[in-house]
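Worksheet: the structure to be examined is printed underneath.
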Amino acid sequence: MHYLYMAVIAAVVLGVIVGFAAPGLAKELKPLGTGFVNLIKMMISPIIFCTIVLGIGSVAKAAKVGKVGLLSLGYFLLMSTFALAIGLVVGNLLHPGEGLHLDPAAAAKAHTQAEGGEGSVDFLLGIIPTSFGSAFTEGQVLQTLLVALLAGFAVQKLGTKGEPIRRGIEHIQRLVFRILAMIMWAAPVGAFGAIAAVVGETGWGALRSLAVIMIGFYLTCLVFVFGVLGSVLWLGARINIFTLLRYLGREFLLILSTSSSESALPRLIAKMEHLGVSKPVVGITVPTGYSFNLDGTAIYLTMATLFIATAQDQPLSLGEQISLLLFMIIASKGAAGVSGAGIATLAGGLQSHRPELVDGVGFILGIDRFMSEARALTNFAGNAVATVLVGTWTKEFDRERANQVFSGQAPFDEATLVDDHASDAPEASDDGQEKKAVAHV
């Protein structure tokens with residue numbers, strides 16, 4: 001597995017070279033990256049379902065699950081609001097977009113992106129799947145989350161009668177993670193195709209003209225991750241942010257090469273459980289965070305909006321910026337439910353809030369792929385930190401186990417992505433009393 005990730009790095013470098021040397025050929029390689037990401041997305045629904053059902057099914061009281069959920073949502077709302085505010089502050093300091101003359105032909109592309117936006121009512125109704133099975137086939141994380149929560153509580157209420165079901169889902173989970181480990185061997189091919197295509201399509205032109213907002217956005221994300229998230233993680237859990245991010249290094253590489261945080265979602269679930277966070281906390285916090293805790297997307301939405309407004313000589317007043325901040329707090333929550341989340345949510349939000357600014361979205365399309373990488377990396381870091389914090393606050397985090405993992409004494413099993421020995425504990429004693437295996441022991 002070590003050589004696999006070395007191959008991913010080599011594939012990224014080769015993709016950049018091919019993108020500059022033969023842009024025409026590089027554009028044709030885009031399906032390689034798309035295909036790999038689709039393979040990963042194919043596994044997300046079954047992994048979320050198994051993780052949540054097993055997590056909730058092993059908890060004695062439903063109130064404990066509710067406590068984890070409410071605490072997670074409260075934290076997500078606070079941090080995403082803070083991220084939006086940081087985006088506004090940096091945008092006002094940098095004044096990106098000054099002196100630019102937008103190309104109307106490029107800007108016209110934004111109208112097709114705006115069609116991907118959706119209102120709050122549609123977003124809420126979209127959480128309910130049309131059928132039990134469609135939650136696994138339509139690729140909507142929140143739909144899978146709803147069905148998994150219902151199934152988990154049902155298994156919990158069945159008590160001892162639900163034990164065979166829980167054991168069956170454990171076997172399915174092991175199978176699903178084994179399939180995911182096999183898919184990961186295609187990562188170098190996917191990374192090569194994705195990077196080559198975006199370099200071939202963009203070249204250096206867009207990077208030069210939009211360097212200010214790109215550099216400003218990346219620096220803002222770095223400040224947020226290491227300054228804000230790092231401080232919160234240390235104060236809340238006494239864990240160094242560099243230690244946690246080093247543990248998740250391979251996941252960051254995977255996100256960087258595919259420009260999608262979803263590609264690392266299954267591995268984040270597995271690694272957080274391995275780190276010592278209990279199954280219920282991981283099963284609820286991680287999938288929910290992928291829909292409601294989008295810190296990188298929040299920063300992007302506000303900075304991109306200020307860029308577009310300034311570039312069209314329609315700067316926003318302070319009152320309009322505060323109004324935009326409140327609007328984006330709501331709009332950003334639906335970002336994960338839209339394909340091309342960042343750009344579609346930006347266009348959809350402007351269409352309903354400041355429609356005269358929508359044409360400017362087209363100009364940012366050229367570098368959106370490069371900015372989406374920073375969005376995805378920041379979103380992923382935010383969800384990893386949130387999972388550890390919620391686990392600590394609910395006393396569902398094994399600190400001794402975490403120390404062993406960070407020190408290398410308990411390495412993560414890259415072959416199976418699950419701790420097989422966790423399920424080897426006896427299911428019940430001779431007198432019928434259940435002995436539950438703890439996932440991170």
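Residue indices begin at 1 and follow the sequence shown.
Between the side chain of Tyr247 and the backbone N or O of Ala402, no donor-acceptor pair lies under 3.5 Å. Of the possible donor and acceptor atoms, none in the side chain of Asp295 sits under 3.5 Å from a partner among the backbone N and O of Thr378. Side-chain N or O atoms of Arg399 include none that pairs as donor or acceptor with a backbone N or O of Thr392 at under 3.5 Å.
In this structure, Met182 CE and Leu39 CG are separated by 11.0 Å, a value rounded to the nearest 0.5 Å. Note: Leu377 CG to Leu253 CG = 10.0 Å, rounded to the nearest 0.5 Å. A distance of 6.0 Å separates CG in Leu149 from CZ in Phe153, rounded to the nearest 0.5 Å. In this structure, CE on Met272 lies 5.5 Å from CG on Leu244, to the nearest 0.5 angstrom. Atom CZ of Phe412 and atom CG of Leu248 lie 10.0 Å apart (nearest 0.5 Å).
Residues Leu245 and Ala381 come closest through the heavy atom pair CD2-CB, 4.3 Å. Looking at every heavy atom in both residues, Pro129 comes nearest to Val147 through CG-CG2, 3.9 Å. Shown here for Ala148 and Val53, the closest heavy-atom pair between the two residues is O-CG2, 3.6 Å. Closest of all the heavy-atom pairs between Gly236 and Trp393 is O-NE1, 3.9 Å. The two residues Leu29 and Ala196 have their closest heavy-atom pair at CD1-CB, 4.0 Å. Closest of all the heavy-atom pairs between Ala26 and Val18 is CB-O, 4.1 Å.
Side-chain atoms of Ile239 and Phe397, non-hydrogen and from C-beta on, do get closer than 4.5 Å to each other. Residues Val90 and Met303 have side chains in contact (heavy-atom distance under 4.5 Å, counting atoms from C-beta outward). Side-chain contact check for Glu396 versus Lys279: every heavy-atom pair is 4.5 Å or farther apart.
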Open item on the list: side chain to side chain contact (heavy atoms under 4.5 Å, CB included), that's the test. Do Ile241 and Trp234 meet it? Break it down for me.
Closed with: CA-CA 7 Å; Ile241 185 70; Trp234 177 255; over 6 Å; no
- [ ] Carefully, step by step, assess Val405 and His274 under the rule side chain to side chain contact (heavy atoms under 4.5 Å, CB included).
- [x] CA-CA 8 Å; Val405 172; His274 177 75; 3.8 Å; yes
Open item on the list: Using the rule given for side chain to side chain contact (heavy atoms under 4.5 Å, CB included), can you reason through Leu275 versus Phe406, listing the C-alpha separation, both sets of side-chain angles and the distance that settles it, and then say yes or no?
Closed with: CA-CA 8 Å; Leu275 184 63; Phe406 288 144; 3.6 Å; yes
Open item on the list: For Leu254 and Phe380: C-alpha separation, side-chain torsions, deciding distance, then whether side chain to side chain contact (heavy atoms under 4.5 Å, CB included) applies.
Closed with: CA-CA 11 Å; Leu254 180 61; Phe380 183 81; over 6 Å; no
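Ring pair Phe132/Phe49 is perpendicular by interplanar angle, where above 60° counts as perpendicular and below 30° as parallel. Ring geometry for Phe217 versus Tyr300: interplanar angle over 60°, hence perpendicular rather than tilted (30 to 60°).
Thr387 and Thr285 share no donor-acceptor pair across their side chains, judged by distance under 3.5 Å alone.
In Gln409, the CD atom is crowded: over 12 heavy atoms of neighbouring residues, nucleotides or ligands sit closer than 6.0 Å. Atom CZ of Phe82 has 12 or fewer heavy atoms from other residues, nucleotides or ligands within 6.0 Å.
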